[in-house]
Amino acid sequence: MSTKDFFESIDNIVQENLISNKDINEVKKDGWERFKDLGLPPNDHTRELWKYSNFSNLQNIKYSNAEYSNFDLEGNLNNLVDNTPNNIFIVNGFFDSNKSNFTEDIIVESSSTLDKLDYLKSSLGTIAKNEENELIALNSSIMLDPVFISIKNQKKENSINIFIITTHQKKEFSSSPRLFIEASKNTCSNINEIYVDLSSDELQNLTIPVLEYLIDISSEVNHRRVQLSSENSYFFNFDRILQKENSKLSSVSFSTSGQLSRYDIHSDLIGINSECSFHGLYITDKDQHQENEISTTHTVGKCSSDQMFKGILAGKSRAVFSGKVLVKKDAQKTKAFQKDLNFLLSKDAEVDTKPSLEIYADDVECSHGATAGNMDKNMLFYLQSRGIDKDEATSMLIRGFAQEIIDEFEDENITNALEEILKEKINILDIQGIM
Amino acid sequence: MLKINNLKAKVIDNDEMILNGIDLSVNEGEIHAIMGPNGSGKSTLANVLAGRPDYEITDGEIHFKSLLINDLPPDERSHLGMFLAFQYPSEIPGVRSFQMLKSSLDAKKEYYKEKKLSVREFSKLYDQKVKDLGIDIDLTKRSLNFGFSGGEKKKNEILQLSVLEPSLAILDETDSGLDVDALREVSDGVNALKSSNRSFIIVTHYQRILNYIEPDFVHVLVDGSIVKSGNKDLALDIENNGYEKIISEVKK
C-alpha cells in the first residue's frame, strides 16, 4: 500500500457519499479541496501542533465506509438508555431515526431531513472551520450525515444520550461523525456522548468526530464523554465551542487510547460571565500515542476556564498535554486554571506536558501546574500490609488516581461502567519494570 | 505466637546493619513494649516483621504461629494475623476506608476459603466499629487518610485493627503526634481489643502511652539489639533517667 491508496480510498468515500443538502455539500466539497491540498500532517516537526504525532502508518491504510449490521448495547449502557426519554443514535455515520427517541424539548434532525433546524445549516463549519486544520477538513470531506441538535426547553433531569456507534466490521473503515449542537437561551442540559466501537481490536480504523457547540446566553451544558477506542485505531476528536454571556459548560471525558489519538478542544468565551471546564482521564499502553490539546480563548472579561487532565501511562506509550489559555487585552477579571497530572506505570512511558498561559490583560487570576509520578511504594506496602496482594494493591492505587475524574460523571450507570472498564483495562496494562 | 531468633536486617542496597541480632518471644495475650532512643531500630523491627520490601533480612528467623515467615509477602503475613499500625499512615487518593477494608477482609476470607461478607453485612460491621471508636462518619467518605489530622489517622489505624482482628498487633509509635485527649481515645480503642489470644507489640519512644496501655514486658532497643528487658517499671525508669543510664550500663 502507499499514500496513493489512502487518498484514493478517501476519494472514493467522498465521491460515493454526496450530501443531498446543497449548502452542507458545499462544506464537504470545500473540506475535500483543502484536504487534497494539505494532505495528512507532515511528520517533520515543523509545526508545533502536530510535532509529536506520526501519521506515516495511517497513510498506508485503505479505508471504506462502515457497513451496517445489527447491534445490541450491553448492561450499563442499556440502563443509560432506559433512564431518559432522549436517546440519539448515530450509527456508522448516519443518524438512525428509528432507534432514536426524544422529547419535544429537543429537536434533532440530520442533513437529509433538515426542516425546523434549516436555519442551522449555514452555521455548520463556522465554529469548526475547514481552514483551521487538515483533519477538520478531512472530517468535512467524509462526513456522511451531519446531525443537528437544538436544545429548546430542556430539563436537567432528562439527560440527552448521544450514542455514536460503529457496528461490527470486517475491514478498516473510516467514520466521521459530525454534530452541531445548539443549547438555546436559558436551557440547562446533561449531554452524555458515548462512543461504542463494536469492531475488532485488530482493525486500524479511522474515526474523526467533529462537534460544534453553540452555547447561547444563560444556558448551561454538562457534557460527559466516554470514548473507548479499539487498540489499534486512529481517533481524532475535535470539539469547537462558542459560548455567549452567562453560559456554562462543564465537560468531563474518559478515554482509552488507540494507536494514535488526539483530543482537541477549543472554547471561545465571547460573552461576559461565561465559564467552561474541561476535565479528562485517559489511559495509554504499549506503543500508543495520545495527545490532548485543550485551549480556551478569553475574549471578554469576567469569565473563567478550568482544565484538568489525568493520564495513566503504561508500556512504551507516550502522551502530550498541551493546555493553552489565551487571555486577550480586554478580558479583565479572568480566572484560568490548568492542571495536568500523570501516573507513569512503566519506565518507558513518557509524557510531554506543556501548559501555557498567554495573557494580555492585567487583572487576571491564572495558574498552571503539571506532575508526573510513579507508583508510590509506601502506599503499596500500606495496602499490602492490610492483606491486599501486590497486583490488587497496584490496581487499587491506579483506580484511586482515576476516581476523582470518574466521580465527576455523577450518573451511576456511567460511573459503574467506567469503574468496571478501568479495572479490566488495568489487568492487561503493561506495567512491568516499575518496581 | 511470635518467636524471633538472632534477627539481622539492613536496608536493601545499603551495607549498614540496622538490626543486629534480635531475640524476642511473644506469647498469646501478652503486651510487649519496645522502647529505645532515635535510630535504635525500633521502627525497622516493626516494618521487618510486617514484611516491608525495603529491608533485607541477612540472618536469623522470624517464626509466626510456628511458621517461618522470613520470605512471606506482607499480604500473607496479614492473613496469618499480623497487623502493623503505621507511624505515618499513607494518604491514598481515591481509595476510601470502607472500600479498602472490604478488600482486605475479602482477601483474608479468600485465603482461608471462607465465604466473603456481603456489602450489607460488611457495612453493618463497619458502621458499628466506626461508631464504637467515635470516628467522624464524614471522614470515612473521604480518600483514605486524606486531610486527616494526626489523631484521626491513628484512630483510623485502630479502626482497621478492630475490623481485621489480628492475633498480633504491632503499634509503631502510635503515640507520636497525639495530644493527650487523642492519646487516651486511641489507647481506649486498643484496650477494648485486648484479649487472651491477641498479642501486642508497642513500639514507642516515650513511657506516656504505657500509662494507658499497660505492658507485660518492656524491652530496650539500642543499636539494633535488645539490651535490657523488664516489666513496666523499666519504662518508668527510662522516663525518669533517660536512655543514657541504660546505655552506659550496657557499655560497661
Side-chain angles (χ1 to χ4, degrees), chain A residues 252 254 279-281 283 308 310-312 339 341-345 371-410 412 415-416 418-420 422-423 425-427 433-435, chain B residues 12 46-55 72-97 99-112 141-146 153 156-157 159-161 163-166 169-170 172:
Chain A
V252 58
F254 176 103
H279 291 186
L281 176 75
I283 304 151
M308 178 168 75
K310 282 192 165 187
I312 296 169
K339 211 153 64 166
L341 310 170
N342 298 284
F343 201 170
L344 301 176
L345 297 176
T371 63
N374 300 109
M375 187 59 74
D376 182 306
K377 61 183 183 180
N378 290 322
M379 292 186 197
L380 203 57
F381 174 56
Y382 188 72
L383 293 180
Q384 282 184 275
S385 78
R386 298 305 182 245
I388 298 166
D389 69 37
K390 194 174 172 184
D391 287 347
E392 176 56 20
T394 302
S395 169
M396 214 176 219
L397 291 173
I398 300 171
R399 283 181 277 144
F401 174 78
Q403 197 64 45
E404 182 183 13
I405 300 287
I406 292 179
D407 285 343
E408 289 188 32
F409 279 83
E410 289 173 346
E412 259 194 7
T415 55
N416 290 344
L418 295 184
E419 282 166 9
E420 269 318 300
L422 182 62
K423 210 168 173 176
K425 184 83 188 168
I426 291 168
N427 285 337
I434 42 167
M435 281 160 297
Chain B
I12 285 177
N47 279 284
V48 167
L49 289 178
R52 184 186 277 270
D54 308 65
Y55 296 104
L72 275 195
D75 46 305
E76 287 191 41
R77 297 185 196 204
S78 166
H79 297 325
L80 288 176
M82 192 182 281
F83 182 91
L84 173 65
F86 284 64
Q87 181 179 5
Y88 304 111
S90 288
E91 295 183 351
I92 304 194
V95 177
R96 290 176 191 94
S97 153
Q99 175 196 356
M100 193 271 267
L101 272 175
K102 175 80 170 71
S103 299
S104 297
L105 212 54
D106 283 354
K108 187 175 175 183
K109 297 280 184 194
E110 203 171 298
Y111 186 80
Y112 289 105
K141 291 172 186 153
R142 283 197 219 156
S143 291
L144 193 59
N145 293 322
F146 232 84
K153 280 184 185 167
N156 201 40
E157 294 291 286
L159 169 67
Q160 295 173 20
L161 172 58
V163 171
L164 294 175
E165 300 184 312
I170 304 161
D172 186 13

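So you know, we letter chains A, B, ... as the sequences are listed, proteins then strands, and number each from 1. All values reported here derive from a predicted model rather than from experimental measurement.
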Proximal component of B:Leu164, with respect to chain A [non-hydrogen, under 4.5 Å]: side chain
B:Gln99 side chain reached by B:Lys102 side chain, heavy atoms, under 4.5 Å: no
Over 12 non-hydrogen atoms of neighbours within 6.0 angstrom of NZ in A:Lys425: yes
Side chain, backbone, both or neither of A:Asp376 within contact of chain B (heavy atoms, under 4.5 Å): neither
Any donor-acceptor pair under 3.5 Å from B:Arg77 side chain to B:Leu72 backbone: yes
Interface moiety of B:Glu76 toward chain A, non-hydrogen atoms closer than 4.5 Å: neither
Proximal component of B:Arg52, with respect to chain A [non-hydrogen, under 4.5 Å]: both
Donor-acceptor contact below 3.5 Å, side chain B:Ser78 vs main chain B:Pro74: no
Proximity breakdown for A:Tyr382 and chain B, heavy-atom pairs closer than 4.5 Å: both
Under 4.5 Å from a heavy atom of chain B, the part of A:Ile406 involved: neither
Contacting moiety of A:Gln384, where chain B heavy atoms sit under 4.5 Å: both
Chain A contact via B:Leu144 - which portion, at a heavy-atom distance below 4.5 Å: side chain
Part of B:Pro89 lying under 4.5 Å from any heavy atom of chain A: both
Check: B:Leu84 and A:Phe381 side chains under 4.5 Å, non-hydrogen atoms: yes
CA sep, side-chain torsions, deciding dist, call: A:Met396, A:Leu383, side chain to side chain contact (heavy atoms under 4.5 Å, CB included): CA-CA 9 Å; A:Met396 214 176 219; A:Leu383 293 180; 3.9 Å; yes
OH/B:Tyr88: more than 12 non-hydrogen atoms of other groups inside 6.0 Å: no
Most chain A-contacting option - heavy-atom pairs closer than 4.5 Å, from B:Ser103, B:Ser143, B:Pro73, B:Pro166: B:Ser103
Heavy-atom side-chain contact between A:Leu344 and A:Asn374 under 4.5 Å: yes
Heavy-atom contact with chain A under 4.5 Å, split by part of B:Asp106: neither
